[in-house]
Asker: 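Take a look at the following structure, please.
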2 protein chains.
Amino acid sequence: MENSRPSSKRFLDIVSDLRTIIKEEGAVIGDKLPSERVLADRLQVGRSTIREALRSLELLGLIETRRGEGTFLADYKKHQLVEILSTFIMQNPQSLKSVDDTRRIHEKAAIECISNDPERRTLPVWGSFLAKLQGTEPIIREELLQEIVVVSENRLSLKIWFLLKQYSRVPYHETMAEDEKEVATNLLKEMMNGNSHLAVMRYTEWLDIVIGERRGEHEC
Amino acid sequence: MENSRPSSKRFLDIVSDLRTIIKEEGAVIGDKLPSERVLADRLQVGRSTIREALRSLELLGLIETRRGEGTFLADYKKHQLVEILSTFIMQNPQSLKSVDDTRRIHEKAAIECISNDPERRTLPVWGSFLAKLQGTEPIIREELLQEIVVVSENRLSLKIWFLLKQYSRVPYHETMAEDEKEVATNLLKEMMNGNSHLAVMRYTEWLDIVIGERRGEHEC
DNA sequence: ATTCTAAAGTGGTCAGACCACTATCCTTTA
DNA sequence: TAAAGGATAGTGGTCTGACCACTTTAGAAT
């Protein structure tokens, strides 16, 4: 696998080489990769270097290793990386705003997406939520938003949303207040009626209530 | 750092321990971490185990190592992890659509953001672009879109956009055709006038031209 | 044919040895 | 005294070989 200008970070090259190997062998999720010793021999590096690369990929959740058995291509849907990342990253205030903004972008897009799709905006789920909102049963904020993002059926967007949710300053895990429920109800109704513009407005209202900050002036 | 039931994945415990150490020492971005040998001694494990953990964190972009100097807490704004991850995932056609969709979400959001901000929508840059579009000089598609996303001033969104751009099926790197320039001109004008709704419509038109696919029916 | 056992293969870990590089201190020099 | 130079210690980068614990496999004993 071409020693093209070793970037003084051999293990990074190995990561790249591994990708090539995986591609060449057409390995699919669950397939077994060559053993560490074989890889070391094939790529002409020490086993420890191979391991450093593999361990990195494992932490990312891209591969899975089972002692005594071997190394396998993992189902990366578990996004283990997110967990790890979360405990480190994004604690500086500067980032927090962009996190919030980006999260809103995705929520808004999901709302518009559903509003504009006759099929998805008439899904029975929304009726259920509407009923729930009428009742006195406590509702967690993220329940509704999550459903919306899920139904929008963009896996990548969903992934990003899940990630951002964890860092958001908006208390997603709390229950809705009474006045909130009203706004949420309006949001749902507009969405079901296919009125994306109004639905988004309701959504903005809702955020204003939850955060209790200045309104609208800077909603990127 | 308690050997509490070693999870048969020592290096994962180490990752956790490292986090603890970082916290305890109140290390800030740019600070130097203890050397690998010191860590190995302190945590009572071999140096190779420490390295596997460190290399993982490095691939995630959480630390930075400089040969001869040491290991440092990184500026995680580089999100190297995303790059790596992306090169693995996102090669199956299923994902490609969500990549495109998500990219559009961010572009749309940026356009709306700028349109709604009197300051940003009157920036001189837009005038320059307008002039360029009138001329015969070739213009690369991504030039305009990039400027828009940049001006929206959401670093995270920008980062995501850059990432997605690489995998998009839309030929961003190509030059605009003549009819495209016209639509792009309209887009700019609407944006500068603060008409976000129309601006987004122009944007959608533009995409239709570039991709030449079915229009609108499924624009999430 | 079944069961049991030994061997081979695999990841997990460690220790020690180099290498290449950087920072530091201390000597030498002007 | 101040500047220049070089030896030294410390650091990450890598390799080797050796164990260990575990799983699978193949062969032997029943």
Side-chain angles (χ1 to χ4, degrees), chain A residues 1-18 21-22 25 27 30-75 80, chain B residues 1-18 21-22 25 27 30-75 78 80 84:
Chain A
M1 251 24 99
E2 65 280 359
N3 309 345
S4 56
R5 213 166 302 113
S7 42
S8 118
K9 296 278 186 195
R10 195 79 132 221
F11 95 96
L12 281 182
D13 296 328
I14 299 299
V15 168
S16 171
D17 289 344
L18 285 177
I21 288 182
I22 291 175
E25 308 207 336
D31 281 6
K32 191 162 178 287
L33 300 181
S35 77
E36 298 178 349
R37 288 167 178 87
V38 170
L39 287 173
D41 186 62
R42 169 125 64 123
L43 298 178
Q44 287 292 294
V45 295
R47 192 180 152 213
S48 54
T49 304
I50 293 288
R51 280 186 61 81
E52 289 181 9
L54 287 177
R55 252 16 79 206
S56 300
L57 297 182
E58 182 174 5
L59 192 64
L60 278 178
L62 296 175
I63 61 174
E64 187 183 341
T65 57
R66 296 197 283 272
R67 172 192 245 160
E69 300 182 51
T71 306
F72 305 82
L73 256 193
D75 182 358
Q80 190 172 0
Chain B
M1 263 35 72
E2 64 278 0
N3 308 350
S4 56
R5 215 165 302 111
S7 40
S8 116
K9 297 281 183 191
R10 195 78 135 221
F11 97 95
L12 282 180
D13 296 329
I14 300 297
V15 168
S16 171
D17 289 345
L18 285 175
I21 288 181
I22 291 175
E25 307 204 339
D31 281 7
K32 190 164 179 288
L33 299 181
S35 77
E36 297 178 350
R37 290 168 178 86
V38 170
L39 286 173
D41 188 61
R42 172 130 57 126
L43 297 179
Q44 287 292 293
V45 295
R47 191 183 153 210
S48 53
T49 303
I50 292 289
R51 279 186 61 82
E52 289 181 10
L54 287 177
R55 250 20 76 203
S56 299
L57 297 182
E58 182 174 3
L59 191 63
L60 279 177
L62 297 175
I63 62 173
E64 187 182 342
T65 57
R66 295 197 283 271
R67 171 191 250 166
E69 299 181 54
T71 307
F72 306 82
L73 258 191
D75 182 356
K78 295 168 189 169
Q80 193 170 358
I84 304 295

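Letters go in sequence order (proteins before strands), and every chain restarts at 1.
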Asker: Could you tell me whether the phosphate oxygens of dG12(C), OP1 or OP2, come under 4.0 Å of any side-chain nitrogen or oxygen in T65(A)?
Answerer: yes
Asker: Restricting to side chain to side chain contact (heavy atoms under 4.5 Å, CB included), what partner residues turn up for S48(A), sequence neighbours left out?
Answerer: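 Listed in chain order: nothing, the list is empty.
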Asker: Does L57(B) reach the side chain of L59(A), with side-chain heavy atoms less than 4.5 Å apart?
Answerer: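 L57(B) reaches L59(A) side chain to side chain.
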Asker: Check the distance between dC15(D)'s P and L43(A)'s CG and give it to me in whole angstrom.
Answerer: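 After rounding, the reported distance stands at 11 Å.
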Asker: So how far is it from E69(A) CD to K32(A) NZ, rounded to the nearest 0.5 Å?
Answerer: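 If I round to the nearest 0.5 Å, the distance is 9.0 Å.
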Asker: Rounded to the nearest Å, what distance is computed from the CZ atom of residue R55(A) to the C1' atom of nucleotide dG12(C)?
Answerer: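 That distance rounds to 8 Å.
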Asker: Hey, which sits more toward the 5' end of DNA chain C by its nearest nucleotide, I50(B) or V38(A)?
Answerer: V38(A)
Asker: What about R37(B): does its side chain form a donor-acceptor pair under 3.5 Å with the base of dG12(D)?
Answerer: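 In this structure, the two groups form a donor-acceptor pair.
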Asker: Looking at dG11(C), I'd like to know if its phosphate oxygens (OP1 or OP2) sit under 4.0 Å from a side-chain N or O belonging to T71(A).
Answerer: yes
Asker: Rounding to a whole Å, what distance do you find between R67(B):CZ and dC21(C):P?
Answerer: 6 Å
Asker: Any idea which of dT10(C), dT14(D), dG12(C) is nearest the E36(A) side chain?
Answerer: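 Between dT10(C), dT14(D), dG12(C), the one nearest the side chain of E36(A) would be dG12(C).
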Asker: List every contact pair, protein side and nucleotides 24-27 of chain D side both N or O, where the distance is under 3.5 Å.
Answerer:
none

Asker: Please determine whether any donor N or O and acceptor N or O are separated by less than 3.5 Å between the side chain of R51(A) and the base of dG11(C).
Answerer: no
Asker: Can you check the E58(B) CD to dG12(D) C1' distance for me, whole Å?
Answerer: 10 Å
Asker: Apply the side-chain contact (heavy atoms from CB on, under 4.5 Å) test between I50(B) and each candidate in T71(B), D17(B), L39(B); give the one that qualifies.
Answerer: L39(B)
Asker: Looking only at the side chain of R47(A) (C-beta and beyond, no hydrogens), which of the listed nucleotides dT14(D), dG11(C), dC15(D) gets closest?
Answerer: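 That would be dG11(C).
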Asker: If you measure from CG on L18(B) to CZ on R42(B), what distance do you get to the nearest 0.5 Å?
Answerer: 9.5 Å
Asker: Within this structure, what is the CD-to-C1' distance between E52(B) and dC15(D), rounded to whole angstrom?
Answerer: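 Whole-Å distance recorded here is 14 Å.
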Asker: The side chain of S35(B) lies closest to which of these nucleotides: dT11(D), dG11(C), dC15(D)?
Answerer: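 Nearest nucleotide to the side chain: dT11(D).
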Asker: Identify whether any heavy atom of S48(B) sits under 4.0 Å from a base atom; if not, whether one sits that close to sugar-phosphate; answer base, sugar-phosphate or nothing.
Answerer: base
Asker: Between P on dT23(D) and CZ on F72(A), what's the gap in Å once rounded to a whole number?
Answerer: 12 Å
Asker: Just do the salt bridge (charged side-chain N to carboxylate O under 4.0 Å, His left out) check on E52(A) and R55(A) with the steps written out, would you?
Answerer: CA-CA 5 Å; E52(A) 289 181 9; R55(A) 252 16 79 206; over 6 Å; no
Asker: Which residues satisfy the side chain to side chain contact (heavy atoms under 4.5 Å, CB included) test with D41(A), sequence neighbours excluded?
Answerer: Q44(A)
Asker: Once you round it to whole Å, what is the distance between C1' of dT10(C) and CG of D41(A)?
Answerer: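 To the nearest whole Å, that distance equals 16 Å.
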Asker: Without decimals, in angstroms, what is the distance between E64(B) CD and dT11(D) C1'?
Answerer: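 From E64(B) CD to dT11(D) C1': 15 Å.
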